> 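Structure provided below as structure tokens; questions to follow.
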Amino acid sequence: MDNIRVRFAPSPTGTLHIGGARTALFNWLFARKYNGKLVLRVEDSDIRRSREDSARGIIEGLRWLGLDWDEGPDAGGDFGPYRQSERIDIYSQYLKLLLEQDQAYYCFCTAEQLAAEKEAARQSKSDYKYGGHCRHISKNEAEERIRSGEAAVVRFKAPTDGVVVVNDLIRGEVEFDNRLLDDFILAKSDGGPTYNFAVVVDDHCMAISHVIRAEEHLSNTPKQILLYKALGWGLPQFAHASMILAPDRSKLSKRHGATSVQEFRDDGYLPEALINYLALLGWSSKEDRDFWTREELLERFSLDGISRSPAIYDMEKLSWMNGHYLAQADSERIAALLHEDAQRKGYLSNSRQQDKFLAVLELLKPRVKTVPAILEEGAYFFDPITKFDEKGCRKYFGQEDSLKIMEECLSLCQGSDFESAEKLEQELRQRAEDLKLKAAQLIHPIRLAISGRTATPGLFEVMMILGKSECIQRISSAILYAKSL
RNA sequence: GGCCCCUUGGUCAAGCGGUUAAGACACCGGCCUUUCACGCCGGUAACAGGGGUUCGAGUCCCCUAGGGGUCACCA
């Protein structure tokens with residue numbers, strides 16, 4: 001395939017959600033795989049709803065994911081401008097053409113009239129279609145009314161019979177009956193283009209070869225095809241991927257928790273994990289395989305692996321996957337991600353603390369699922385123990401011989417030089433043997449005493465990080481606490 | 001409601017006329033073990049329903065049901 005040109009065309013009215021991110025990923029993979037170009041186009045033709053910070057957020061999200069593009073508002077390119085708001089002249093030009101060729105016409109119907117028509121249709125339980133009152137207004141009259149300042153939209157003179165066949169790379173041939181169409185609007189009363197018009201002009205002018213987007217656009221495609229034909233243009237190839245649905249099978253929205261890539265980022269997910277997970281949602285290599293690097297995805301990606309049925313995203317699997325990537329991630333990188341929070345919590349106040357922080361990070365990184373979980377799971381390394389796990393207390397502090405055992409733990413610490421985790425373990429096992437106890441009988445109380453919890457990473461590593469005096473101090477406090485029980 | 005798309009376990013997802021219907025997440029056992037996580041071993045769990053076609057259907061066709069999308073001067 002040559003001259004592959006694809007685009008990702010977000011509307012800057014919200015965040016980059018995972019559905020959009022996946023569409024961007026598919027386009028990116030397609031462009032990179034076939035040596036094509038990816039263009040980023042900002043579809044901000046609705047000036048009332050578009051927001052500059054949304055556009056920035058979307059771009060930031062794409063960058064965070066590591067998706068890059070060849071042409072776009074920031075990147076430049078020969079087919080710009082890449083914001084619809086800056087392409088008004090271009091739309092006007094083709095609008096004029098359509099008007100001249102009598103393929104479009106001015107419509108003066110007011111919002112009230114239209115609303116009444118819709119209401120009437122609803123009452124009679126028939127489907128609403130624009131009635132076409134203005135379709136037959138003569139060009140002269142229309143122009144006269146425009147000159148006199150009357151507000152108007154421009155409508156497409158849609159065919160009233162025949163069919164449009166969308167030849168979709170993912171779904172095959174999909175047929176639409178033109179009788180169901182009405183004369184849809186091309187230009188709003190403010191002169192701005194509507195989506196279906198702008199997208200056709202842009203995709204053509206930007207020489208887009210493949211339109212890869214989500215299924216929500218499939219129903220719009222026949223209108224767009226009609227427009228391509230009216231303008232005498234060739235068609236791009238279309239490929240409509242299925243949508244990503246929320247766990248309750250409904251369309252993604254804010255009420256479903258984290259759905260935007262920024263939220264995933266802030267919640268401690270790694271971009272490579274999100275990319276990997278998203279790639280597997282709605283696409284399959286047919287191989288029995290879960291982990292894919294970007295390069296491997298590029299190697300294997302193809303449109304025919306894209307699924308036709310909607311996919312429900314599953315946080316559990318994303319988390320599982322993130323945990324794997326996190327375990328392998330470079331510690332410096334994770335430390336940097338945690339830096340601000342750790343600083344705020346006072347975990348980095350001096351260089352001794354900083355070393356300790358790094359050690360904790362190393363210990364926890366392979367066993368948590370998200371980045372911030374390191375701080376949450378490791379809080380006891382930095383903060384004083386304020387409470388002990390309840391069940392653990394009964395089991396390890398509240399037994400008959402608990403105090404005696406705890407005293408042994410204390411003396412063990414006092415007698416050790418804390419040289420290494422291995423040595424510490426050796427000493428503890430020796431002590432247990434001398435006392436005719438199982439090592440676990442010493443291990444569990446110490447764990448509870450120094451962490452307040454019954455589950456931690458390996459005890460001796462934890463002890464080494466806390467250090468001798470801190471262990472002694474914590475065990476002493478725990479003894480006091482146990483006595484009070 | 002009309003039109004369009006979709007339908008394999010709770011979720012993702014192989015399968016493309018003949019399989020004991022993969023695998024992964026989750027879940028449940030077991031092993032490992034100082035707990036947790038990891039890892040390893042094992043298990044529960046699916047072809048939406050009904051008609052065809054065929055020697056034979058998860059795979060092809062039709063109908064029904066369910067889900068999703070779309071029908072804006074939103075994109």
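Below, chains carry the letters A, B, ... as their sequence lines are ordered, and counting in each starts from 1. Being a predicted model, the structure only gives us computed values, none of them experimental.
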> Using heavy atoms to find the nearest nucleotide of RNA chain B for A:Lys369 and A:Gly458 separately, return the residue whose nucleotide is more 5′.
A:Gly458
> Does the side chain of A:Thr456 get closer than 4.0 angstrom to OP1 or OP2 of B:rU35 through an N or O atom?
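Result: no.
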> By the 4.0 Å heavy-atom rule, please label A:Val174 as base, sugar-phosphate, or nothing.
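Since only primed, P, OP1 and OP2 atoms lie under 4.0 Å of A:Val174, the category is sugar-phosphate.
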> Mind checking the C1' distance from B:rC47 to B:rA14? Whole angstroms is fine.
13 Å
> Classify the nucleic acid contact of A:Pro10 as base, sugar-phosphate or nothing, counting any heavy atom under 4.0 Å across all strands shown.
nothing
> Can you tell me how far apart CG (A:Leu364) and CD (A:Glu461) are? Round to the nearest 0.5 Å.
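Those atoms lie 12.0 Å apart.
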> Using the six-membered ring of A:Phe108, assess whether NZ or CZ of A:Arg145 lies under 6.0 Å from its centre and within 45 degrees of the ring axis.
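Positive - A:Arg145 is close enough to the ring of A:Phe108 and near enough to its axis.
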> Can you tell me if the side-chain N/O atoms of A:Arg249 get under 4.0 Å from OP1 or OP2 in B:rG66?
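Negative; the distance criterion is not met.
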> Given that A:Arg48 and A:Leu459 both sit by RNA chain B, which one's nearest nucleotide is further toward the 5' end?
A:Leu459
> In whole angstroms, how far is the C1' atom of B:rU35 from the CD atom of A:Gln441?
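A:Gln441 atom CD is separated from B:rU35 atom C1' by 15 Å.
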> When you measure from the side chain of A:Glu425, which nucleotide among B:rU70, B:rU34, B:rC73 comes out closest?
B:rU34
> Please confirm whether the shortest side-chain N or O distance from A:Lys188 to OP1 or OP2 of B:rC74 is below 4.0 Å.
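Result: yes.
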> Name the closest nucleotide to the A:Ile443 side chain, picking from B:rC74, B:rU34, B:rA14.
B:rU34
> Could you tell me the separation between the CG atom of A:Leu180 and the C1' atom of B:rU70, rounded to a whole number of Å?
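Those two atoms, CG and C1', are 11 Å apart.
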> At less than 4.0 Å, is any side-chain N or O atom of A:Lys395 found next to OP1 or OP2 of B:rU34? Yes or no.
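Negative; the distance criterion is not met.
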> Between the base of B:rC73 and the side chain of A:Ser189, is one N or O donor paired with an acceptor at under 3.5 angstrom?
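Yes.
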> A:Arg367 side chain: which of B:rA37, B:rG10, B:rC5 is closest?
B:rA37
> Can you tell me the base-pairing partner of B:rC3? Count Watson-Crick or G-U wobble geometry only, both distances below 3.5 Å, and say none if there is no partner.
B:rG69
> What about A:Asn220, does its side chain sit under 3.5 Å from the base of B:rA75 through a donor-acceptor pair?
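In this structure, the two groups form a donor-acceptor pair.
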> Hey, can you tell me if A:Phe238 and A:His240 have their rings parallel, tilted or perpendicular (30° and 60° cut-offs)?
parallel
> Taking the six-membered ring for Trp, is the centroid-to-centroid distance between A:His256 and A:Tyr313 below 6.0 Å?
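For A:His256 and A:Tyr313, the ring centres are not under 6.0 Å apart.
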> Using a cut-off of strictly less than 4.0 Å, decide whether A:Lys129 has a side-chain nitrogen or oxygen near OP1 or OP2 of B:rG1.
no
> In whole Å, what separates the C1' atom of B:rC5 from that of B:rG42?
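Between the two C1' atoms, the distance is 40 Å.
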> Side chain of A:Lys223, heavy atoms from C-beta onward: which of B:rC5, B:rC71, B:rA75 has the nearest atom to it?
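Ranking B:rC5, B:rC71, B:rA75 by closest atom to the A:Lys223 side chain puts B:rC71 first.
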> Could you work out which one of B:rC73, B:rU35, B:rC5 sits closest to the side chain of A:Lys118?
B:rC73
> Taking the six-membered ring of A:Trp292 as reference, does the cationic atom of A:Arg289 (NZ for Lys, CZ for Arg) lie under 6.0 Å from its centre and within 45° of its axis?
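Flagged: A:Arg289 positioned over aromatic ring of A:Trp292.
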> Answer yes or no: is there a donor N or O on one side and an acceptor on the other, between the side chain of A:Ser284 and the main chain of A:Leu280, under 3.5 Å?
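No, because the side chain of A:Ser284 does not come within donor-acceptor range (under 3.5 Å) of the backbone of A:Leu280.
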> Could you give the CG-to-P distance, from A:Asp190 to B:rC74, as a whole number of Å?
8 Å
> Do any side-chain nitrogens or oxygens of A:Arg453 fall under 4.0 Å of OP1 or OP2 in B:rU35?
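For B:rU35, OP1/OP2 do not have a side-chain N/O of A:Arg453 under 4.0 Å.
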> Using atom C1' in both nucleotides, what's the gap between B:rG51 and B:rA46 to the nearest angstrom?
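The answer is 22 Å between these two C1' atoms.
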> Distance check needed: B:rA75 P versus A:Asp202 CG, whole Å only.
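It is 12 Å, rounded to the nearest whole Å.
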> Please confirm whether the shortest side-chain N or O distance from A:Ser45 to OP1 or OP2 of B:rA75 is below 4.0 Å.
yes
> Applying a 3.5 Å limit to both distances, which nucleotide forms a Watson-Crick or G-U wobble pair with B:rA48?
B:rU64
> In whole Å, what separates the P atom of B:rG9 from that of B:rC41?
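Straight-line distance between the two P atoms is 26 Å.
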> Is A:Phe8 close to A:Leu62 at the side-chain level, that is, under 4.5 Å between some pair of heavy atoms?
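Yes. Closest side-chain heavy atoms under 4.5 Å.
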> Rounded to the nearest angstrom, tell me the gap between atom CG in A:Asp177 and atom P in B:rC3.
10 Å
> For A:Phe184, report the nucleic acid contact type (base, sugar-phosphate, nothing); a contact means any heavy atom under 4.0 Å.
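Touches nothing.
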> Could you check how far CG of A:Asp127 sits from P of B:rU70, rounded to whole Å?
17 Å
> Between B:rA14 and A:Lys286, counting only base atoms on the nucleotide and side-chain atoms on the residue, is there a donor-acceptor pair under 3.5 Å?
no
> Base, sugar-phosphate, or nothing: which does A:Ser309 touch, judged by heavy atoms less than 4.0 Å apart?
sugar-phosphate
> Ignoring hydrogens and angles, does a donor from either the side chain of A:Arg308 or the base of B:rC6 sit under 3.5 Å from an acceptor on the other?
no
> Without decimals, in angstroms, what is the distance between A:Leu245 CG and B:rG10 P?
17 Å
> Considering only the C1' atoms, how many Å lie between B:rA13 and B:rC71, rounded to the nearest integer?
32 Å
> Could you tell me if the ring centre of A:Trp283 sits under 6.0 Å from that of A:Phe26?
no
> As a test of reading the structure: which of B:rU34, B:rA72, B:rG69 is closest to the side chain of A:Ile185, going by heavy atoms?
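Shortest atom-to-atom distance from the side chain points to B:rA72.
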> Roughly how far apart, to the nearest Å, are B:rC62 and B:rC6 at atom P?
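That atom pair is separated by 12 Å.
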> Send over the distance from A:Tyr313 OH to B:rG68 P, rounded to a whole Å.
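It is 16 Å, rounded to the nearest whole Å.
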> Of the candidate nucleotides B:rU35, B:rA75, B:rC25, which contains the atom at the shortest distance from the side chain of A:His217?
B:rA75
> Measuring from the side chain of A:Glu316 (C-beta onward, heavy atoms only), which nucleotide among B:rC38, B:rA75, B:rA26 has the closest atom?
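Nearest listed nucleotide: B:rA26.
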> Contact class for A:Glu175 (heavy atom, under 4.0 Å): base, sugar-phosphate, or nothing?
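Result for A:Glu175 = sugar-phosphate.
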> For B:rC38, which nucleotide in any strand shown is its Watson-Crick or wobble partner with both distances under 3.5 Å?
none
> When all nucleic acid strands are considered with a 4.0 Å heavy-atom cut-off, which category describes A:Ala311: base, sugar-phosphate, or nothing?
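It contacts sugar-phosphate atoms only.
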> From B:rU34, B:rG69, B:rC36, pick the nucleotide closest to the side chain of A:Phe460?
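The nucleotide sitting nearest to the side chain is B:rU34.
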> Is a salt bridge present between A:Glu377 and A:Arg453, judged by a nitrogen-to-oxygen distance below 4.0 Å?
yes
> Taking the same atom, C1', in B:rC31 and in B:rG66, what whole-Å distance lies between them?
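One C1' to the other, the span is 43 Å.
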> Taking atom C1' in both B:rU19 and B:rU59, compute the distance separating them and give it to the nearest angstrom.
12 Å
> Side-chain N or O of A:His324 versus OP1/OP2 of B:rA37: is the shortest distance under 4.0 Å?
no
> Ring centres under 6.0 Å, that's the criterion: do A:Phe291 and A:Tyr325 meet it?
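Between A:Tyr325 and A:Phe291, which both carry aromatic rings, the centre distance is below 6.0 Å.
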> From C-beta outward on A:Glu215, which listed nucleotide comes closest to its side chain: B:rA13, B:rA75, B:rC5?
B:rC5
